[in-house]
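Side-chain atoms are counted along with the backbone in the values below, which use heavy atoms only and exclude waters and symmetry mates. Position 1 is the first residue of the sequence, and the numbers go up from there.
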Amino acid sequence: MSEVGSMNGPVWVLLRGLAREVGHWGGFPAAFDQELQLQQPGARLLMLDLPGNGALHREASPTKVAAMVESCRKQLRQQGVTGPVHVLAMSLGAMVACDWAARYPQELKASVLINTSLQPFSPFYHRLRPRNYLAFLLLSLPGIGPRRREAKVLAMTSNLQSKPDQVLAQWLDLQCRHPVGLRNSLRQLWAASRYRASTMRPAVPMLLLCSTADGLVDWRCSQAISQAWGAPLRTHAQAGHDLPLDDPQWVAQAVGDWLGARQSP
């Protein structure tokens, strides 16, 4: 768990995706915090790890998204956070946010979902583009080393990195300190594939962000959720699946614009 900002004011919980940890946010939290202070002075960021990732890498990853929600709620209680929180989450983390909003709507003030996909709104071949099937199979082979695996993940999820070697070095350091085992990665993938969201519109206000150039998840998955739930959608034309990594300022600004619009008469 990592924290940015004041001890007072609104709390924003940040959740990453499959086999990723808080360290993978890179420079996004600083950019996001700067924008948040303009809209919500005193706002605080809490970056949580899902079980099996980051500081929790020794735990077994749940095979159900609902259990990941319970882990997040427990971590907040341990931090003394009792009021409703905002959640910004991507990919698998966004599924956790959706389930959280469905089962405990009183605990969330608002949610931002980035490059995610949900049953029953999108077919499986949109939720994971077919051209990635072989790559995922290769990533699961025991003989592939950490550098090759992380380099492949970076190539699959990022389009706009000017210094990919620097990002790769940071990711390898994270994997060295908090290794995510193949078993936990597969358990998280299984949880994501099984999760089915309600067709009913959540009571929690939501914003959807996605990139139309996402090579991993078809952007029409976010469009389908937007249409089903009546939630606003903002699209980026060039970034990859890891939108906060590729263009942190754009994500921060998009959320800031949304918050400003919601606060206006």
- Message: Do the side chains of R234 and D257 get close enough for a salt bridge, i.e. N-O under 4.0 angstrom?
- Response: yes
- Message: Salt bridge or not between E59 and R183? Use side-chain N to carboxylate O under 4.0 Å.
- Response: no
For the student: nearest non-hydrogen atoms of [X] and [Y], plus distance:
X: V153; Y: T157; answer: O-OG1, 2.8 Å
X: F28; Y: A252; answer: CE1-N, 4.1 Å
X: V96; Y: M68; answer: CG2-CB, 3.8 Å
X: V204; Y: P105; answer: CG2-O, 3.8 Å
X: N115; Y: G240; answer: ND2-O, 3.4 Å

Roughly how far, to the nearest 0.5 Å, is the [atom2] atom of [Y] from the [atom1] atom of [X]?
X: L92; Y: T116; atom1: CG; atom2: OG1; answer: 8.0 Å
X: L128; Y: D218; atom1: CG; atom2: CG; answer: 11.0 Å
X: L208; Y: T235; atom1: CG; atom2: OG1; answer: 11.5 Å
X: R44; Y: D33; atom1: CZ; atom2: CG; answer: 11.5 Å
X: L76; Y: L48; atom1: CG; atom2: CG; answer: 5.5 Å
X: R127; Y: Y195; atom1: CZ; atom2: OH; answer: 10.0 Å

So, do [X] and [Y] sit near enough that their side-chain heavy atoms are less than 4.5 Å apart?
X: K109; Y: P10; answer: no
X: P146; Y: L172; answer: yes
X: C98; Y: L118; answer: yes
X: H241; Y: M90; answer: yes
X: H178; Y: N53; answer: no
X: W250; Y: L243; answer: yes
X: L88; Y: I114; answer: yes
X: L108; Y: P84; answer: no

- Message: With a 6.0 Å cut-off on the ring centroids, do W12 and F32 count as close?
- Response: yes
- Donor on one side chain, acceptor on other, Q188 and N184, under 3.5 Å: no
- Message: I'd like to know if the side chain of H126 pairs up with that of R220 as donor and acceptor (distance under 3.5 Å, no hydrogens or angles considered).
- Response: yes
- Query: Picking from L45, L46, T82, V87, what satisfies side chain to side chain contact (heavy atoms under 4.5 Å, CB included) with V11?
  - Reply: L46
- Query: Do you know which of S222, C221, S91 makes side chain to side chain contact (heavy atoms under 4.5 Å, CB included) with S117?
  - Reply: C221
So, the side chain of [X] versus the backbone of [Y]: is there a donor-acceptor pair under 3.5 Å, distance only?
X: E35; Y: V251; answer: no
X: R187; Y: A60; answer: no
X: S226; Y: A231; answer: yes
X: Q37; Y: A43; answer: yes
X: N159; Y: A213; answer: yes
X: Q75; Y: D49; answer: yes

- Do R20 and W171 meet the cation-pi criteria used here (NZ or CZ under 6.0 Å from the six-membered ring centre, within 45° of the axis)? yes
- Between S158 and D242, does a side-chain hydrogen bond (donor to acceptor under 3.5 Å, both in side chains) hold up when you go through it step by step? CA-CA 6 Å; S158 175; D242 199 336; over 6 Å; no
- Going through the distances and angles, do L160 and H236 end up as a side-chain contact (heavy atoms from CB on, under 4.5 Å)? CA-CA 12 Å; L160 301 178; H236 192 292; 4.1 Å; yes
- Have a look at D173 and tell me which of Q175, R177, Q170 forms a side chain to side chain donor-acceptor pair (under 3.5 Å) with it. R177
- Item | Same apolar cluster (I L V M F W Y, side chains within < 4.5 Å links), V180/M95 | no
- Check against side-chain contact (heavy atoms from CB on, under 4.5 Å), L245 and Q161: CA-CA 8 Å; L245 175 69; Q161 287 308 303; 3.5 Å; yes
- Message: Please enumerate all residues that pass side chain to side chain donor-acceptor pair (under 3.5 Å) together with E70, with sequence neighbours excluded.
- Response: R73, R103, Y104
- Item | Derivation and outcome, side-chain contact (heavy atoms from CB on, under 4.5 Å), residues L207 and L259 | CA-CA 10 Å; L207 169 68; L259 291 175; over 6 Å; no
- Apply side-chain contact (heavy atoms from CB on, under 4.5 Å) to S122 and V217, showing your working. CA-CA 11 Å; S122 299; V217 176; over 6 Å; no
